[in-house]
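Inspection log for the structure reproduced underneath, given as structure tokens.
The shown structure was predicted, so the numbers you read here are calculated from the model rather than taken from an experiment. Just so it is clear, the values below take in all heavy atoms, side chains as well, and ignore hydrogens, waters and symmetry mates. First listed ligand is number 1; within each ligand, the first listed atom is number 1.
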Amino acid sequence: MSTAIQTSTPKKILVLGATSGIAEATCRLWAAEGAALFLVARNEEKLAAVAADLKVRGASYIGTAVADLDDTDQHPALLAHAINSLAGMDIAYLAHGILGDQTAAEQDFATAAQIIHTNFVSPVSLLTWLANYCVQRKSGVLAVISSVAGDRGRKSNYLYGSSKAGLTAFLAGLRNRIDREGVTVLTIKPGPIKTAMTATMKGAEKFADVNQTAKTIAGAIAAKKDNLYVPFQWQPIMFVIRNIPDRIFKKLNL
Ligand SMILES: NC(=O)c1ccc[n+]([C@@H]2O[C@H](COP(=O)([O-])OP(=O)(O)OC[C@H]3O[C@@H](n4cnc5c(N)ncnc54)[C@H](OP(=O)(O)O)[C@@H]3O)[C@@H](O)[C@H]2O)c1
């Protein structure tokens with residue numbers, strides 16, 4: 001019987017929003033490769049269950065921190081602790097987000113502001129610190145989950161969509177600034193995926209499989225891509241949607 005010899009050092013990966021269905025599925029792939037993972041989530045019980053599962057699946061190291069990522073004041077200390085604990089960082093994976101209640105947000109600014117804070121302001125705070133860390137070291141991958149919903153505002157979810165549009169634009173500018181410093185910025189735009197976030201939506205049973213999605217994301221991170229639509233057919237679909245003239249688009253029920 002031959003013994004497998006590990007030739008490369010394990011990847012050091014920081015995961016923000018580690019209890020997300022998409023993040024957890026991606027971490028399972030990394031754990032099987034023996035990666036070192038630092039997991040941040042706000043629900044202590046769920047986080048402990050995810051961490052235990054990833055350890056069993058082969059992660060070489062698991063660190064955890066419980067944090068509400070809306071609390072931007074905590075970010076610098078949290079990130080410094082995570083990277084210290086990993087003794088470095090090759091990849092940061094930002095997965096936290098909320099769909100929010102579009103109908104409520106149309107009437108109530110506090111609801112709208114919450115969606116924008118969690119999906120846009122919080123990642124901007126985290127990425128400002130992480131980008132500067134990576135630039136100093138001239139390496140690293142910042143992989144961030146935005147959404148196809150950010151490609152064009154629609155009446156059914158334009159608060160969520162605009163928070164993701166802001167995030168996508170921020171990432172495009174950040175990439176333009178730091179790619180030349182040796183730092184990769186990957187914008188991930190999933191279409192509808194079967195996770196807790198979409199479980200109660202109409203037609204959810206037909207949404208894309210989370211494990212397949214995770215495989216595609218892990219591949220794009222390893223290949224240091226700039227942008228990813230997942231599943232891939234959302235790239236041409238969103239091209240068409242972006243190009244529908246407003247005189248027609250405003251009459252559609254999307
Ligand atoms: N599923 C889709 O169809 C789809 C499509 C496009 C984009 N996305 C994006 O993909 C990412 C992952 O979503 P998912 O589909 O995996 O859904 P999910 O399972 O509901 O994951 C969302 C995660 O975000 C966490 N979170 C929300 N607010 C947080 C906060 N303030 N602090 C810390 N954690 C917070 C949630 O924690 P709790 O469990 O504690 O609530 C949960 O773990 C999100 O950014 C989402 O917008 C999803």
Hey, what do you get for OG (S147) to CG (N157), rounding to the nearest 0.5 Å? 7.5 Å
Counting from 1 in the order shown, the ligand 1 atoms closer than 4.0 Å to a non-hydrogen atom of T198 are 1 (N), 2 (C), 3 (O)
For the pair D68 and Q74, evaluate side chain to side chain donor-acceptor pair (under 3.5 Å) and give the outcome as yes or no after the intermediate values. CA-CA 9 Å; D68 183 336; Q74 274 193 35; over 6 Å; no
For ligand 1, which atoms have a heavy atom of H96 less than 4.0 angstrom away? 24 (O), 25 (C), 26 (N), 34 (N), 35 (C), 45 (O)
With a 4.0 Å cut-off on heavy atoms, is G191 touching ligand 1? yes
Is there a donor in the side chain of H96 and an acceptor in the side chain of S122, or the other way round, less than 3.5 Å apart? yes
For ligand 1, which atoms have a heavy atom of A95 less than 4.0 angstrom away? 11 (C), 12 (C), 44 (C), 45 (O)
Please confirm whether K164 comes under 4.0 Å of ligand 1, counting heavy atoms of the residue only. yes
Counting each atom of ligand 1 from 1 as listed, which ones have a heavy atom of K46 under 4.0 Å away? 38 (P), 39 (O)
In the protein, which heavy atom is nearest to atom 13 (O) of ligand 1, and how far is it? M197 CE, 3.9 Å
If I apply the N/O under 3.5 Å rule, does Y160 come out as touching ligand 1? yes
Does F207 have a heavy atom less than 4.0 Å from any atom of ligand 1? no
Atoms of ligand 1, numbered as shown, that sit under 4.0 Å from any heavy atom of S147: 6 (C), 7 (C)
A student checking ligand 1 against D68 at a 4.0 Å heavy-atom cut-off should list atoms 30 (C), 31 (N), 32 (N)
With backbone taken as N, CA, C and O and side chain as the heavy atoms from C-beta onward, which portion of P190 lies under 4.0 Å from ligand 1: side chain, backbone, both, or neither? both
With the threshold set at under 4.0 angstrom, would you say A41 reaches ligand 1 through any of its heavy atoms? no
D151 and K189: salt bridge (charged side-chain N to carboxylate O under 4.0 Å, His left out), yes or no, with the steps? CA-CA 9 Å; D151 276 15; K189 293 182 185 177; 2.8 Å; yes
Heavy-atom gap S146 to ligand 1 smaller than 4.0 Å: yes
P190 and S146: which non-hydrogen atoms are nearest, and at how many Å? CD-O, 3.4 Å
Considering the options L142, L130, L14, I145, which one meets the side-chain contact (heavy atoms from CB on, under 4.5 Å) requirement together with L94? L130
Close-contact set for ligand 1 against P192 heavy atoms, below 4.0 Å: 3 (O)
Interatomic distance, CG@L39 vs NZ@K46, rounded to 0.5 Å, equals 14.0 Å
